[in-house]
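Report on the following structure.
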Amino acid sequence: MSIQIPRGTQDILPGEVERWQYIEEKARELCKRFNYKEIRTPIFEHTELFLRSVGDTTDIVQKEMYTFTDRGDRSITLRPEGTASTVRAYVEHKMYGLPDQPTKLYYIGPMFRYERPQSGRYRQFVQFGIEALGSADPAIDAEVISLAMEMYKGLGLQKLKLIINSLGDQESRISHRTALTDHFAPHIEEFCSDCQKRLETNPLRILDCKKDREHPLMETAPSILDYLNEESAHYFQKVQRYLQSMGIEFEVDSRLVRGLDYYNHTAFEIMSDAEGFGAITTLMGGGRYNGLAQEIGGPETPGIGFALSIERLLLALAAEGIELPLGKGIDCYVVALGEEAKDASVTLVNELRKSNITVEKDYLDKKVKAQFKAADRLEAKFVVILGDDELERKVASIKNLQTGTQEEVALDSIASYLMENRDR
RNA sequence: GCGAUCGUGGCGAAGUGGUUAACGCAUCGGAUUGUGGUUCCGACAUUCGAGGGUUCGAUUCCCUUCGGUCGCCCCA
């Protein structure tokens, strides 16, 4: 039995990889327009980073991390998300001291979570995310959200739902938490075992429970929105107003609780509404994390960001039946007939490539017919035919595969002929 | 971690307790000694995910295992 790919990972082969390249390119263009700069951080970090940032009561930390001990006896974890590393780098390199603030960063790269794979969920998956550090202006919350929306809309997606919520600041969260505990505690034995634990660890997450969704106490549970102090409420108002002014539609859902501990104030999520999507419809998640930098040992720094998965983006595109405009086909295929022509084709192909023409030739000693078939399959615009009698006259026949017309061109002007005609 | 379902050539897929494992696509060769996308002919699985068991005999029955897919929990 040959060795197989590890569970939950995938090889992205030619034919599929073009879609990834296209999306990554779009993401980079978008970030350039919004003035976010790329940051590349390691794929593994000290485990401690995620314990401190993501939160040790979260599912990510409790059951999904790829953690191992290296030869130096250090506990290392393959990054399950990108924010922690980005903020770590921001603090470590004292980027808060850089002249241009806020610091606006983006990343594209693999993340790792040990889970059972299913549609839209992998053990290694690719996230594109942005982080804006150093500003507590609600306008930048709106900017981050708008960039996310623009990413999807720019690719042609339409069936999107943006959900936002506010988790409030420390003070608001504490009073809400107390209210939640008081609300659920008397009847907590009616809830699932997870929720019973959550009452102690993080009562907010009870609201997110899928099992106990129908419990009457869920309906009457205190909403965070009623516990926001004046400052938090005002902040959330401003975010909403900015979004409205940008023409971005959204829905406020006070039950939106993000899965990571570091969030506060604005939390948001984009889901796909498309028919036939799998069970997982969350395309992107993000939020504000004002205490995170400090948690990691840096100065108190406000921050906000999002992360989206390319895998799910591709699923959404498929669900909406969107074809990406990928450039296919090569400019030219050189068909050689006979030994001398074959030798000549080697140098010709080389010259054409130097002229920036995409060109292929046969390396399997195929018959002429098979060479033409190959040219056809590669969607070549032209076939350059080199035969012995052409060679003697220092010409080649060039056939346009779309029109089927053919003409003779002097050997030394093939490149210019192709360049002139390839875009028609 | 739990559950459902599947696993036959490069891909899609039929099939049976028993001497040659359909078919379609793709590929390669030929019809057409230097011209593609159409057509016709031909070639292409000592083998049915792996290991073990039952049996005179298993791809087909049983067990184990690995893997895919989908779902639960949770998330991107």
Side-chain angles (χ1 to χ4, degrees), chain A residues 1-10 13 15 54 57-65 79-83 108-129 148 192-195 198 205 208-213 256-260 269-272 277-286 305-316 333-338 341-342 364-391 396-406:
Chain A
M1 191 68 173
S2 56
I3 294 172
Q4 292 177 306
I5 195 171
R7 168 169 274 175
T9 64
Q10 54 181 343
L13 307 179
V54 173
T57 66
T58 59
D59 276 9
I60 289 183
V61 168
Q62 293 204 322
K63 52 185 203 189
E64 295 171 7
M65 292 207 305
R79 62 183 187 190
E81 58 103 42
T83 301
I108 302 177
M111 305 296 164
F112 305 84
R113 293 185 199 174
Y114 190 90
E115 295 186 276
R116 286 294 294 271
Q118 70 187 68
S119 180
R121 172 188 288 160
Y122 300 89
R123 288 188 175 180
Q124 174 173 331
F125 57 101
V126 176
Q127 280 191 341
F128 160 52
C192 70
S193 57
D194 284 339
C195 281
R198 287 176 183 135
R205 300 198 58 80
D208 209 27
C209 183
K210 303 280 192 304
K211 282 186 203 154
D212 296 319
R213 190 179 268 168
L256 172 66
V257 177
R258 311 252 57 258
L260 287 60
E269 201 167 289
I270 295 175
M271 330 246 292
S272 172
F277 213 92
I280 300 171
T281 54
T282 301
L283 299 178
M284 177 233 64
F306 74 71
L308 64 85
S309 118
I310 310 290
E311 288 82 358
R312 290 187 188 176
L313 174 47
L314 287 165
L315 278 179
Y333 191 97
V334 175
V335 169
L337 314 159
K342 186 184 161 189
L364 296 174
D365 274 326
K366 284 184 182 155
K367 301 278 164 50
V368 185
K369 185 186 170 82
Q371 292 190 49
F372 267 88
K373 271 194 173 181
D376 196 50
R377 211 173 323 108
L378 291 169
E379 293 180 47
K381 295 190 189 77
F382 295 96
V383 169
V384 172
I385 304 139
L386 278 181
D388 292 342
D389 66 87
E390 275 103 335
L391 271 184
S397 297
I398 301 185
K399 180 170 185 175
N400 182 322
L401 284 192
Q402 270 118 59
T403 63
T405 57
Q406 185 167 321

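Numbers restart at 1 for each chain; the letters A, B, ... are given by sequence-line order, proteins then strands.
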**Request:** Go through the structure and list residues passing ring pair (Phe, Tyr, Trp, His ring centres under 6.0 Å) with A:Y333, not counting sequence neighbours.
**Result:** none

**Message:** Using a strict threshold of under 4.0 Å (side-chain N to carboxylate O), is an ion pair present between A:E115 and A:R123?
**Reply:** no

**Message:** At less than 4.0 Å, is any side-chain N or O atom of A:R121 found next to OP1 or OP2 of B:C70? Yes or no.
**Reply:**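 Negative; the distance criterion is not met.
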
**Prompt:** For B:C72, does OP1 or OP2 lie under 4.0 Å from any side-chain N or O of A:Q118?
**Reply:**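 Yes, A:Q118 has a side-chain N/O under 4.0 Å of OP1/OP2 on B:C72.
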
**Item:** P gap between B:G9 and B:C23, integer Å
**Value:** 16 Å

**Asked** B:G36 and B:U27: how far apart are their C1' atoms, nearest whole angstrom?
**Response** 16 Å

**Prompt:** Quick one: which of B:C28, B:G71, B:U35 gets closest to the side chain of A:V368?
**Reply:** B:U35

**Prompt:** Counting only Watson-Crick or G-U wobble pairs whose two distances fall under 3.5 Å, which nucleotide matches B:G1?
**Reply:**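 Across any shown strand, B:G1 pairs with B:C72.
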
**Asked** 5'-most contact on RNA chain B: A:L260 or A:R7, nearest heavy atom basis?
**Response** A:R7

**Complete:** Taking for A:T403 and for A:Y114 the nucleotide of RNA chain B with the nearest heavy atom, the one nearer the 5' end belongs to A:Y114

**Request:** Evaluate the side chain to side chain contact (heavy atoms under 4.5 Å, CB included) criterion for residues A:Y114 and A:M65: first the C-alpha distance (whole Å), next the side-chain angles of each, then the deciding distance (0.1 Å), finally the verdict.
**Result:** CA-CA 6 Å; A:Y114 190 90; A:M65 292 207 305; over 6 Å; no

**Message:** So A:Q124 and A:R113, do their side chains get closer than 4.5 Å, heavy atoms only?
**Reply:** no

**Message:** I'd like to know if A:K399 reaches the base of B:G36 with its side chain such that a donor and an acceptor end up less than 3.5 angstrom apart.
**Reply:** yes

**Request:** Record whether the side chain of A:D376 comes under 3.5 Å of the base of B:G36 through a donor-acceptor pair of N or O atoms.
**Result:** yes

